[in-house]
Amino acid sequence: MTSTHNGATPRGPVDSSRIPRYAGPATFARLPRLDEVGTADVAVIGVPFDSGVSYRPGARFGGNAIREASRLLRPYNPAQDASPFALAQVADGGDVAVNPFNIDEAVETVEAAADDLLGTGARLMTLGGDHTIALPLLRSVAKKHGPVALLHFDAHLDTWDTYFGAEYTHGTPFRRAVEEGILDTSALSHVGTRGPLYGKQDLKDDEKMGFGIVTSADVYRRGADEVADQLRQRIGDRPLYISIDIDCLDPAHAPGTGTPEAGGMTSRELLEILRGLADCNLVSADVVEVAPAYDHAEITSVAASHTAYELTTIMSRQIAKARTQ
Ligand SMILES: N=C(N)NCCCC(=O)O
Ligand SMILES: [Zn+2]
Ligand SMILES: [Zn+2]
């Protein structure tokens, strides 16, 4: 049996063969709460914040919708041949209580919460929230690891400058992050990019910041395996942060989001690309922009819960591997 960093056997999810999976309060994958286990190797947290959006609001409800949709996740992940919740202690740290009326303060609160959790040795699996929250999360991760490689799955670049004069919005986190020097600009990629822009300059600015782009059409034409291989080569063994805007998926696969764009990836393509990155040094990740009010039959939150499950599995495998070295 594997042990956690404090030597204990990981406490896993509620046993769904004894307690029906639809019963009781929803934590991610029916895992224990962080306060029930003390510390965790991977802390799943929610950030109920959507004051940075440019179009439809509602991502403040995303974290809890993902938790609800994650009740059906099972403990063994055949795609990565791993039992993520036995390899490492994964626990649900609840929500960060962020100010909905003051974006600057909310950004500070998220950074401080991430500092606290990363300080305990945990990696973070954050459930958003709008994409604004990636900036404070990256700040915190960079304090620990130095500038990190970034894989950004999104229909949008999110490297725009300001909206209505505001610097911290869901369309601007990665420009701020590059300006602050918290990203390793030799390993930055957008995946799933598509849709109309404000002008051609958007792409030129983005390229100058160091980003490579794998469009949604590239994924379709070249296939998930080839894309994952190329990304893996670019990332190497650098500390990696993965930020997943659920609108990287086609609206057919993720209707419940704030700024939908036609022509996106399938959930199968996204999951397969992630599985192809299983050996990368994933230090933390987020899944954001799930807006349940626009969802149908939990299509979006089911896709998001499986996405977070793959990311959590990658981290748990890495943690277990590091322990045996
Ligand atoms: N991060 C997300 N989802 N969207 C950014 C879109 C910014 C815009 O409306 O131009
Ligand atoms: Zn987006
Ligand atoms: Zn985004």
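We count ligands from 1, going down the list as the structure has it; atoms in each ligand are counted the same way. Computation of the quantities below employed the complete heavy-atom set of this structure, encompassing side-chain atoms and omitting hydrogens, waters and symmetry-equivalent molecules.
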Which atoms of ligand 1 are found less than 4.0 Å from any heavy atom of S54?
6 (C), 7 (C), 8 (C), 9 (O)
Under-4.0 Å heavy-atom contact with ligand 1, by part of H170 that carries it
both
Determine whether a donor-acceptor pair (N or O, by modelled atom type, separation under 3.5 Å) exists between the side chain of T257 and the backbone of E289.
yes
Looking at non-hydrogen atoms alone, which of T257, D130, D245 comes nearest to atom 3 (N) of ligand 1?
D245
Test of understanding: given a 4.0 Å heavy-atom threshold, classify the contact between Y163 and ligand 1 as side chain, backbone, both, or neither.
side chain
Restricting to ring-ring contact (aromatic ring centres under 6.0 Å, His included), what partner residues turn up for F211, sequence neighbours left out?
H190
Proximal ligand 1 atoms for D158, defined as those under 4.0 Å from one of its heavy atoms:
1 (N), 2 (C), 4 (N), 5 (C)
With sequence neighbours left out, write down each residue that passes side-chain hydrogen bond (donor to acceptor under 3.5 Å, both in side chains) with Q233, or none if nothing qualifies.
none
Return yes if a side-chain donor-acceptor contact under 3.5 Å exists between R30 and S16, otherwise no.
yes
Need the ligand 1 atom indices (1-based, order shown) with element for anything under 4.0 Å from a heavy-atom of T259.
2 (C), 3 (N), 4 (N)
Could you pull out all residues at least two apart from H131 that satisfy ring-ring contact (aromatic ring centres under 6.0 Å, His included)?
H152, F174
Is it the case that the side chains of S186 and R234 hold a donor-acceptor pair, with the cut-off being a distance below 3.5 Å and no angle test?
no
W160 N/O to ligand 1 N/O under 3.5 Å
no
Closer than 3.5 angstrom, by distance alone: can the side chain of S316 be matched with the main-chain N or O of T313 as a donor-acceptor pair?
no
Counting from 1 in the order shown, the ligand 1 atoms closer than 4.0 Å to a non-hydrogen atom of D247 are 2 (C), 3 (N)
Identified side chain to side chain donor-acceptor pair (under 3.5 Å) partner of D41 from the options R323, R123, Q89
R323
Numbered atoms and elements of ligand 1 in range of Y198, under 4.0 angstrom, heavy atoms
8 (C), 9 (O), 10 (O)
Can you tell me if Y163 uses its side chain to pair, donor with acceptor, with the backbone of H170 under 3.5 Å?
no
Residue and atom names of protein N/O/S atoms that fall under 2.8 Å from the Zn ion (ligand 3)
H131 ND1, D154 OD2, D158 OD2, D245 OD2
For ligand 1, which atoms have a heavy atom of E289 less than 4.0 angstrom away?
1 (N), 2 (C), 3 (N)
Hey, are the side chains of D247 and P260 touching, using non-hydrogen atoms and a 4.5 Å cut-off?
no
Is E207 salt-bridged to K204, cutoff N-O under 4.0 Å?
no
